[in-house]
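For reference, the structure discussed in these notes is given below.
Just so it is clear, the model here is predicted, and its values are computed rather than measured.
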Amino acid sequence: MVNNKRGLMAVGATAMLLLGLAACGSGRSDAEPPGHTVTYGSDVSSEENTSRSDTVSGLRDTLRHLPVKTSRATRPHMVKKCASTTTRVRHTSTSGTGSRRKTRTWYTTEPTRTCKNVRSGTETYRRVVRPERWCVRLDDVGGDKARDDVWFRVDSATYHQALEATDHTRLTFVPRGTTC
């Protein structure tokens, strides 16, 4: 009787877990990468775009492209240094059974190679101070007339689609961030 109750409890817990996971995973498709949803004007009727909480909409105001900023820097130049040595390896072989069991042992010398990185001077390289950014400024964010001049960081595709749109065209997209 005790095992039967435990089995029923395990089946019930598994069913509840599956129902919980199914309910959590039904809201959003992960097949679409974030930031690639851009809708203009009357195309906003798509249910997926309007139901997602991370989607932002507003009127196109200004665009800003910040190119990548780099500087020259130096770092240690690492070189792989290897040394070849030999290692004595023990081999055993057994034959027979019971009291007639014999173990034969022999040794071989096998080459081994050990490598490690060592510093050998310095090298110069281009260090990225600021990555490339694409930004869009919106007015009337979320339909609120008081929320104007809000900057959103977007990906390159969204930026170029907004670049083709005229001023005060309604844009809907998924931002990558709010700092620009």
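Annotation: disulfide bond (SG atoms under 2.5 Å apart) contacts involving residues 148-178, sequence neighbours excluded, are absent.
Residues Ser57 and Arg170 have side chains in contact (heavy-atom distance under 4.5 Å, counting atoms from C-beta outward). Inter-residue side-chain proximity for Thr158 and Trp134 is flagged as unmet; no heavy-atom pair is nearer than 4.5 Å. Put simply, the side chain of Asp167 does not reach to within 4.5 Å of the side chain of Asp61, judged on heavy atoms. Contact annotation: the side chain of Thr70 never approaches that of Val129 to less than 4.5 Å [non-hydrogen atoms, C-beta and beyond]. Taking the side chain as every heavy atom from C-beta outward, Pro76 and Thr122 never approach each other to under 4.5 Å. Proximity of Val136 to Trp151: side-chain heavy atoms (C-beta onward) are nowhere separated by under 4.5 Å.
For Ser156, the side chain to side chain donor-acceptor pair (under 3.5 Å) criterion is met by His160, not counting sequence neighbours. Residues satisfying the ring pair (Phe, Tyr, Trp, His ring centres under 6.0 Å) criterion with His77, sequence neighbours excluded, are absent altogether. Residues passing the salt bridge (Lys or Arg N to Asp or Glu O under 4.0 Å) test with Glu123, sequence neighbours excluded: Arg75.
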>> Between Arg130 and Val68, is the side chain to side chain contact (heavy atoms under 4.5 Å, CB included) condition met? List the steps.
In response: CA-CA 6 Å; Arg130 180 191 65 218; Val68 64; over 6 Å; no

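In the hydrophobic cluster analysis, where Ile, Leu, Val, Met, Phe, Trp and Tyr join through side-chain heavy atoms closer than 4.5 angstrom, Leu163 is grouped together with Phe173.
One finds the CZ atom of Arg153 at 8.0 Å from the OG1 atom of Thr178 (value rounded to the nearest 0.5 Å). Here the SG-CG distance, from Cys135 to Leu66, works out to 5.5 Å after rounding to the nearest 0.5 Å. In this structure, CZ on Arg64 lies 10.0 Å from CZ on Arg133, to the nearest 0.5 angstrom. Separation of atoms CZ (Arg60) and CZ (Arg137) is listed at 11.0 Å; rounding is to 0.5 Å. In this structure, OG1 on Thr124 lies 9.0 Å from CZ on Arg126, to the nearest 0.5 angstrom.
Counting heavy atoms of neighbouring residues, nucleotides and ligands inside a 6.0 Å radius, atom CZ of Arg113 does not exceed 12 of them.
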Could you pull out every donor-acceptor pair under 3.5 Å between side chains of residues 138-147 and any protein atom, sequence neighbours left out?
unit_1 : atom_1 : unit_2 : atom_2 : d
Asp139 : OD1    : Asp149 : N      : 3.0
Asp144 : OD1    : Ala146 : N      : 3.2

Please set out all donor-acceptor pairs under 3.5 angstrom arising from side-chain atoms of residues 78-102, sequence neighbours excluded.
unit_1 : atom_1 : unit_2 : atom_2 : d
Thr85  : OG1    : Thr112 : OG1    : 2.9
Thr87  : OG1    : Thr112 : OG1    : 3.3
His91  : NE2    : Thr108 : OG1    : 2.8

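In terms of heavy atoms, Leu171 sits closest to Ala165 at CD2-CB, 4.3 Å. Considering all non-hydrogen atoms of both residues, His65 and Pro67 come closest at O-CD, 3.5 Å.
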